[in-house]
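Below is one structure, written out as structure tokens; comments come after it.
Hydrogens, waters and symmetry mates play no part in the numbers below; they use all other heavy atoms, side chains included.
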Amino acid sequence: MAMIDVNLDEVVEKPRLPENTPFTFAFESAELVQAKNANAKTGERNWMIKGTLHPLEAGWEDRKVWHNWVMSPGSLSSDDPLFSIKKFFQITGFKWGSDGKFDTNDLLNIKFIGTVAHGVYNGKATVNMSKVLKGA
């Protein structure tokens, strides 16, 4: 047997980002990617905005939160800003172009108040957006 040279008594645990607590979030990145699987209703592989966000509050800035906005007709027409990028823009006060379009780089300027939820995706613990409350 090998003795592990780590003193577990000295380990300081990093607390999880609390659920149902409003935080101010900013984007670290926003990338346009195509879904791996076809949409069950349309049969097409939809495009989505894959966002990596982080809280701005002191002590929590090193945490990562992930959220995807899918560009499917159903998601776009939703009144929930977690699903509809249009509703997300309206809630946060973002103005898209006069032609109705936007660039993913524009998301890097958006700050908003939201909450998170902890879950499991493909067997891996994740932290995802659970609510978008308002712009910041």
Side-chain angles (χ1 to χ4, degrees):
M1 294 234 177
M3 182 60 68
I4 307 298
D5 189 22
V6 173
N7 184 343
L8 296 178
D9 293 329
E10 295 175 351
V11 173
V12 177
E13 290 183 22
K14 194 171 166 180
R16 291 177 9 153
L17 198 59
E19 295 182 316
N20 302 317
T21 301
F23 285 94
T24 304
F25 289 95
F27 283 84
E28 287 187 16
S29 66
E31 179 183 9
L32 184 64
V33 297
Q34 195 168 25
K36 293 177 185 176
N37 300 315
N39 181 304
K41 292 183 180 178
T42 65
E44 296 178 18
R45 289 179 48 217
N46 296 115
W47 289 95
M48 63 182 161
I49 297 169
K50 184 177 179 179
T52 303
L53 308 117
H54 68 275
L56 297 177
E57 281 75 11
W60 299 103
E61 312 94 318
D62 63 335
R63 307 310 165 85
K64 303 275 189 268
V65 177
W66 294 272
H67 189 70
N68 298 331
W69 284 271
V70 180
M71 302 295 115
S72 70
S75 293
L76 289 169
S77 63
S78 172
D79 68 348
D80 187 335
L82 280 178
F83 297 106
S84 170
I85 193 72
K86 179 180 180 180
K87 190 65 170 186
F88 174 77
F89 288 160
Q90 290 171 335
I91 296 259
T92 60
F94 175 78
K95 303 294 182 209
W96 53 85
S98 59
D99 61 357
K101 298 181 182 178
F102 65 95
D103 187 306
T104 55
N105 287 326
D106 295 335
L107 278 78
L108 302 179
N109 299 315
I110 296 175
K111 293 179 179 56
F112 66 96
I113 311 293
T115 62
V116 301
H118 298 275
V120 177
Y121 180 72
N122 288 335
K124 183 177 173 184
T126 62
V127 181
N128 298 302
M129 294 303 307
S130 63
K131 290 182 185 173
V132 174
L133 301 171
K134 63 182 179 176

>> Please determine whether side-chain contact (heavy atoms from CB on, under 4.5 Å) holds for the pair L133 and F112, giving the CA-CA distance in whole Å, both sets of side-chain angles, and the decisive distance to 0.1 Å.
In response: CA-CA 7 Å; L133 301 171; F112 66 96; over 6 Å; no
Tell me whether [X] contacts the main-chain N or O of [Y] through its side chain, where contact means a donor paired with an acceptor under 3.5 Å.
X: H67; Y: I49; result: no
X: R45; Y: N37; result: no
X: E13; Y: V11; result: no

Give every donor-acceptor pair under 3.5 Å between a side-chain atom in residues 81-93 and any protein atom, sequence neighbours left out.
from : atom 1 : to  : atom 2 : distance (Å)
S84  : OG     : L76 : O      : 3.0
S84  : OG     : K86 : N      : 3.3
S84  : OG     : K87 : N      : 3.1
T92  : OG1    : F88 : O      : 2.9
T92  : OG1    : F89 : O      : 3.3

> Can you list every salt bridge (Lys or Arg N to Asp or Glu O under 4.0 Å) pair that touches residues 23-34, not counting sequence neighbours?
Replying inline: E28-K64
> Residues in side-chain hydrogen bond (donor to acceptor under 3.5 Å, both in side chains) with K50, at least two apart?
Replying inline: none
> Looking at H54, K111, E57, which one forms a side chain to side chain donor-acceptor pair (under 3.5 Å) with T24?
Replying inline: E57
>> Using the side chain to side chain contact (heavy atoms under 4.5 Å, CB included) criterion, which residues pair with N109? Sequence neighbours excluded.
In response: none
>> Restricting to side chain to side chain contact (heavy atoms under 4.5 Å, CB included), what partner residues turn up for V6, sequence neighbours left out?
In response: I4, L8
>> I need the L53 CG to S29 OG distance, nearest 0.5 Å.
In response: 8.0 Å
> So which pairs with a foot in residues 69-81 pass side-chain hydrogen bond (donor to acceptor under 3.5 Å, both in side chains), sequence neighbours left out?
Replying inline: S72-S75
>> Can you give me the closest heavy-atom contact between V116 and P18, atom names plus distance?
In response: CG2-O, 3.6 Å
